[in-house]
There are 2 protein chains.
Amino acid sequence: MPFVNDHLARKLTTFVKLSPTELAGLAELQSTPVNVPRGSDLMNQGDAGQLAYILHAGWGCSYKVLRDGARQIITFPIPGDMIGLRSILLKTSDHAFSAITDVQVSRISTTRLNTLVDEFPRLATAIMWGTSRDEAITVEHLASIGRRTSLERTAHFFLELRDRLQLVGLTSDTEYECPLSQYVIADALGVSAIHVNRVLRQLRELELLTFQDHKVTIIDSAGLTELAGYDSIEG
Amino acid sequence: MPFVNDHLARKLTTFVKLSPTELAGLAELQSTPVNVPRGSDLMNQGDAGQLAYILHAGWGCSYKVLRDGARQIITFPIPGDMIGLRSILLKTSDHAFSAITDVQVSRISTTRLNTLVDEFPRLATAIMWGTSRDEAITVEHLASIGRRTSLERTAHFFLELRDRLQLVGLTSDTEYECPLSQYVIADALGVSAIHVNRVLRQLRELELLTFQDHKVTIIDSAGLTELAGYDSIEG
DNA sequence: CGACGCTTTGACACAACTCAACAACCGTGG
DNA sequence: CCACGGTTGTTGAGTTGTGTCAAAGCGTCG
């Protein structure tokens, strides 16, 4: 197996138990890793599609840019997440992916993916479960931006991120590394960077959560959950 | 074929040409239609999953409700669109669907869907293309709420709706039926109903678009497109 | 005919944005 | 080793977009 921590396998097996041969197939899909240096783009809006990736390590963001240059971040993929899967069937990619830290990915060969799911149909189901779950997160994000205040929205964001990281074993209950700048968080939450700063201060003063030195500390999980109206992600 | 207008087939064949037997299979999937009276819910948040539908006629909305009772509409499915497909693989449905007018749907049998895509793999590809396209629309909606002003957002909304209706032949270039109240539009755009009213007045005064008597009239398509920063949906 | 839902408008309040300035930090090159 | 520019974080003041509350007009349907 090419990776010590197969985050994708870890994620998918919370949904279905996979046989050793299925796991081997999944591992093989993740071969030939490539590094993407921080600050560079892996794919751009309008790129011809047919390319998808699996993220192994590092932080990045999927985003759209609007005509006036504003940016909306769709999601921060974490290890074990697929990137750009949607663009396989569309003519062009509808979004871009940018590496925030140095990032390690492997390209998914579409043909290999096809033969793999032919051979192991349960793997297809597991992968589609993963994409359904990602979609549900996007929809929750939509509801968050549309109908939550910036304070609720920010609380929700950090709770969801915690649960996603926990699913692949990258965090404890109360603390996790998060190398995002306030500008980047602003583009995800649909507010200005300055306002993110003010909201983070509020969360700190309410003794709910701190975000300092690229580290999130959840002080009062119950209080945050209540404030955000957060339901943990279900399978 | 059970329906004179197979909107789903019309939509999918813009992506791949389907053979007569494939079309027959698709038509059979849409048998046993049921009526959903306006105002009633077809599915609710938290329902046990494993049920999906195809919309044949009428208007409804997929939405989430937040803990405080606020509602965020995710999308207005139109004839030929699938409803609740995501919930097939998740334990519970992450969203609800409510009929705005009387609505005609047919339930998709999961087992029949499975045997069908086994028999006609190209059908699976076509359906997944459709879901990819729906996802792209949701992502665009997210960007719209996060980063466009309410004026741009409203313009974008009506242009996108026009293009979606056009794909299944339910509108001309400049005018379409749209039986949505301003309250409903507000819940889709993430603003208050009163503000929707103000924005619609602005669009009218700018001589870009009118929304009256459940009818949308696009006066200045180019102007609207420019204002909204709208890119037509691509396959 | 009355009740109800939807639209429209005005007045006011408040959340979030913009602009501006400064502090802290970091990697880089002299 | 330090000086430097660039990025990020922090805070204040004033502005603007949007929400809330209130009320009236209008259709439609029972």
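We name chains A, B, ... by the order of the sequence lines, and we start the count at 1 in each one.
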Next on the checklist: For a side chain to side chain contact (heavy atoms under 4.5 Å, CB included) check, start with the C-alpha distance between B/Leu42 and B/Tyr53, then their side-chain angles and the critical distance, and finish with the verdict.
Outcome noted: CA-CA 9 Å; B/Leu42 183 58; B/Tyr53 303 86; 3.7 Å; yes
Next on the checklist: Taking only side-chain N and O atoms of A/Arg201, does any of them lie within less than 4.0 angstrom of OP1 or OP2 on D/dT11?
Outcome noted: yes
Between [X] and [Y], is there a donor-acceptor pair closer than 3.5 Å when you use the side chain of the first and the backbone of the second?
{"X": "A/Asp213", "Y": "A/Lys215", "result": "no"}
{"X": "B/Asn35", "Y": "B/Gln104", "result": "no"}
{"X": "B/Asp220", "Y": "B/Gly223", "result": "yes"}
{"X": "A/Asp163", "Y": "A/Glu160", "result": "no"}
{"X": "A/Ser192", "Y": "A/His195", "result": "yes"}

Checklist entry - Using 30° and 60° as the class limits, which term best fits the ring planes of B/Phe157 and B/Phe76: parallel, tilted or perpendicular? => result perpendicular
Checklist entry - Mind checking whether B/Tyr230 and B/His156 have parallel, tilted or perpendicular rings, split at 30° and 60°? => result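 B/Tyr230 and B/His156: perpendicular rings.
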Item to check | Where protein sits on nucleotides 20-30 of chain D, one letter per nucleotide: B base, S sugar-phosphate only, - none, heavy atoms under 4.0 Å | outcome: BBB--------
Spacing of [X] atom [atom1] relative to [N] atom [atom2], expressed in whole Å:
{"X": "B/Asp187", "N": "D/dG19", "atom1": "CG", "atom2": "P", "answer": "11 Å"}
{"X": "A/Leu151", "N": "C/dC14", "atom1": "CG", "atom2": "C1'", "answer": "15 Å"}
{"X": "B/Phe211", "N": "C/dT8", "atom1": "CZ", "atom2": "C1'", "answer": "14 Å"}
{"X": "A/Ile100", "N": "D/dT8", "atom1": "CD1", "atom2": "C1'", "answer": "14 Å"}
{"X": "A/Asn197", "N": "C/dA21", "atom1": "CG", "atom2": "C1'", "answer": "14 Å"}
{"X": "B/Arg147", "N": "C/dA16", "atom1": "CZ", "atom2": "P", "answer": "13 Å"}
{"X": "A/Leu200", "N": "D/dT11", "atom1": "CG", "atom2": "P", "answer": "11 Å"}
{"X": "A/Arg148", "N": "D/dG19", "atom1": "CZ", "atom2": "P", "answer": "17 Å"}

Checklist outcome for this item: By nearest-nucleotide position on DNA chain D, the 5'-leaning member of B/Arg153 and A/Ser181 is A/Ser181
Next on the checklist: Using a strict heavy-atom distance below 4.0 Å, which residues from residues 68-78 of chain B are in contact with DNA chain C?
Outcome noted: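 Per residue number, the list is empty: none.
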Item to check | Test side-chain hydrogen bond (donor to acceptor under 3.5 Å, both in side chains) applied to B/Asp81 and B/His56, B/Arg164, B/His7, B/Arg133, the passing residue | outcome: B/Arg164
Checklist entry - Between B/Gln182 and A/Thr149, which is nearer to the 5' end of DNA chain C once each is assigned its nearest nucleotide? => result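 On the 5' side of the pair lies B/Gln182.
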